[in-house]
Amino acid sequence: MISSEKYYLQDSLELAQSLIGKYLVREINNQRICGKIVETEAYLGINDKASHTHNGKKTKRTKILYKKGGLVYVYTIYGIYHCFNIVANRASIPQAVFIRALEPVEGQGIMENNRKSKIRKTEELTNGPAKLCQALKLNKTLYGLDLKQGKILYLEEGEKIDNIVKSPRINVDYAEEDKNKPWRFYEAGNPYVSRS
DNA sequence: ACATGGATGCTT
DNA sequence: AGCATCCATGTC
């Protein structure tokens, strides 16, 4: 279990790359669901036009981003889906790492039950940000949870990934000059990386 | 290529 | 209050 506070106080750009290969573990009813993080995006905060905290915007939804790294930021998108982020950096620097895809490691059967639509290929379990939220039951009840506490939801050391690809982030067309910044990271060739 | 869906934040 | 927007997905 990764419980080091310092780890989460990194800048979101560094944390996003460091998270590739780590295991995200969810415990429900004493059962473990575990996925390897294979795709992330960094959101840099005040000076990032794609960030929910651009220009220091602070609302009920985003206020957790102003706290110290290691907390959970979950929000609803399109009214239907959830997106899971990990707060990065020190308090008052509102950065996050968006988790876009996992490779299933443990509990694939539970993941399949948790997914709402029929799964035809195992890649469809967790190859997108809202899909992995369904598979691991990540929802707003987890908003603000401290991953360092190691309860319900936490990180484990996982695998060392040598081949990390950088690319522009997905679906941030509104972000003007920041939309093409190479702040998306994924493991080269991993079949669970989301379709772009 | 397109319909879906409602919370969120911004404006009145 | 009303309204445009949105860090997707599934099916077309």
Side-chain angles (χ1 to χ4, degrees), chain A residues 11-17 19-20 24 35 37-67 69 71-89 93-104 111-145 147 164-187 191-196:
Chain A
D11 186 273
S12 62
L13 268 177
E14 294 171 26
L15 185 61
Q17 294 169 82
L19 283 169
I20 300 292
L24 180 66
I37 297 171
V38 297
E39 179 181 356
T40 62
E41 288 177 358
Y43 286 82
L44 276 63
I46 310 234
N47 296 314
D48 176 2
K49 288 191 171 176
S51 174
H52 289 163
T53 53
H54 177 234
N55 280 343
K57 187 166 73 175
K58 192 174 189 178
T59 66
K60 184 184 177 193
R61 178 176 68 156
T62 62
K63 66 181 198 289
I64 203 71
L65 295 167
Y66 289 80
K67 301 205 175 205
L71 305 184
V72 169
Y73 174 46
V74 176
Y75 64 90
T76 308
I77 186 76
Y78 305 120
I80 349 177
Y81 301 119
H82 293 296
C83 289
F84 172 72
N85 298 248
I86 299 174
V87 178
N89 218 315
I93 301 181
Q95 298 186 334
V97 176
F98 180 37
I99 308 300
R100 285 196 55 90
L102 301 176
E103 175 182 331
M111 291 186 193
E112 190 165 343
N113 288 335
N114 290 344
R115 292 275 284 116
K116 283 168 186 148
S117 70
K118 185 92 180 171
I119 305 299
R120 294 179 182 79
K121 298 190 285 188
T122 54
E123 286 86 351
E124 296 172 359
L125 278 175
T126 51
N127 66 342
K131 296 177 188 175
L132 69 90
C133 283
Q134 285 181 10
L136 272 67
K137 276 194 166 15
L138 305 177
N139 53 53
K140 295 200 306 189
T141 66
L142 301 173
Y143 183 92
L145 181 86
L147 293 173
I164 295 178
V165 181
K166 306 179 186 191
S167 86
R169 295 171 293 185
I170 305 296
N171 284 340
V172 292
D173 292 346
Y174 57 90
E176 302 175 17
E177 72 266 27
D178 288 331
K179 84 171 178 179
N180 291 318
K181 297 281 172 62
W183 295 341
R184 169 180 179 242
F185 307 96
Y186 60 91
E187 180 183 8
Y192 291 90
V193 172
S194 67
R195 62 194 170 99
S196 54

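The analysis underlying the following values was restricted to heavy atoms, covering all of them including side chains, and did not include hydrogens, waters or symmetry mates. Sequence lines set the chain letters: A, B, ... in the order given, protein chains first and strands last, and positions in each chain run from 1.
Across all their heavy atoms, A:Lys137 and A:Leu142 have their closest contact at O-CD1, 4.0 Å. Closest approach of A:Asp48 and A:His54 over heavy atoms only: O-CB, 3.3 Å.
Pairing analysis of DNA chain C (Watson-Crick: purine N1 to pyrimidine N3 plus N6-O4 or O6-N4; G-U wobble: N1-O2 and O6-N3; both under 3.5 Å) yields stems of 3 or more pairs at B:1-4 with C:8-11, B:6-11 with C:1-6.
Separating the CG atom of A:Asn55 from the P atom of B:dC10 is a distance of 11 Å, rounded to the nearest angstrom. Here the C1' atom of nucleotide B:dT8 and the NZ atom of A:Lys58 are 18 Å apart, to the nearest Å. Between the NE2 atom of A:His52 and the C1' atom of B:dC10 there is a distance of 14 Å, given to the nearest Å. B:dT8 atom C1' lies 18 Å from atom OH of A:Tyr81, rounded to whole Å.
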message: Between A:Leu102 and A:Ile37, does the side chain to side chain contact (heavy atoms under 4.5 Å, CB included) criterion hold? Intermediate values first, please.
response: CA-CA 5 Å; A:Leu102 301 176; A:Ile37 297 171; 3.7 Å; yes

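The closest donor-acceptor contact from the side chain of A:Gln95 to the backbone of A:Leu44 lies under 3.5 Å.
One finds a salt bridge joining A:Glu39 and A:Arg184 here, because a Lys/Arg side-chain nitrogen approaches an Asp/Glu carboxylate oxygen to under 4.0 Å. Of the charged side-chain nitrogens involved, none lies within less than 4.0 Å of a carboxylate oxygen, so that A:Arg169 and A:Glu41 do not count as a salt-bridged pair.
Comparing A:Arg195 and A:Ile77 against DNA chain B, the residue whose closest nucleotide sits nearer the 5' end is A:Arg195.
Protein chain A contacts DNA chain C over a range whose 5' and 3' limits, counting nucleotides with an atom under 4.0 angstrom from a non-hydrogen atom, are C:dC6 to C:dT11.
Using a 4.5 Å cut-off on side-chain heavy atoms (C-beta onward), A:Phe185 and A:Leu19 make no contact.
The side chain of A:Lys140 lies closest to B:dA7, out of B:dA7, B:dG9, B:dC10.
C:dC12 and C:dA8 are spaced 16 Å apart, taking the C1' atom of each and rounding to whole Å.
For A:Thr76, no side-chain nitrogen or oxygen approaches OP1 or OP2 of B:dG6 to under 4.0 Å. OP1 or OP2 of B:dG9 sits under 4.0 Å from a side-chain N or O of A:Arg61.
For NZ of A:Lys181, the number of neighbouring non-hydrogen atoms (other residues, nucleotides, ligands) closer than 6.0 Å is greater than 12.
Screening A:Arg61, A:Lys57, A:Lys58 for a side chain to side chain contact (heavy atoms under 4.5 Å, CB included) with A:His52, the sole residue that qualifies is A:Arg61.
A:Ala50 comes within 4.0 angstrom of a base, heavy atoms only.
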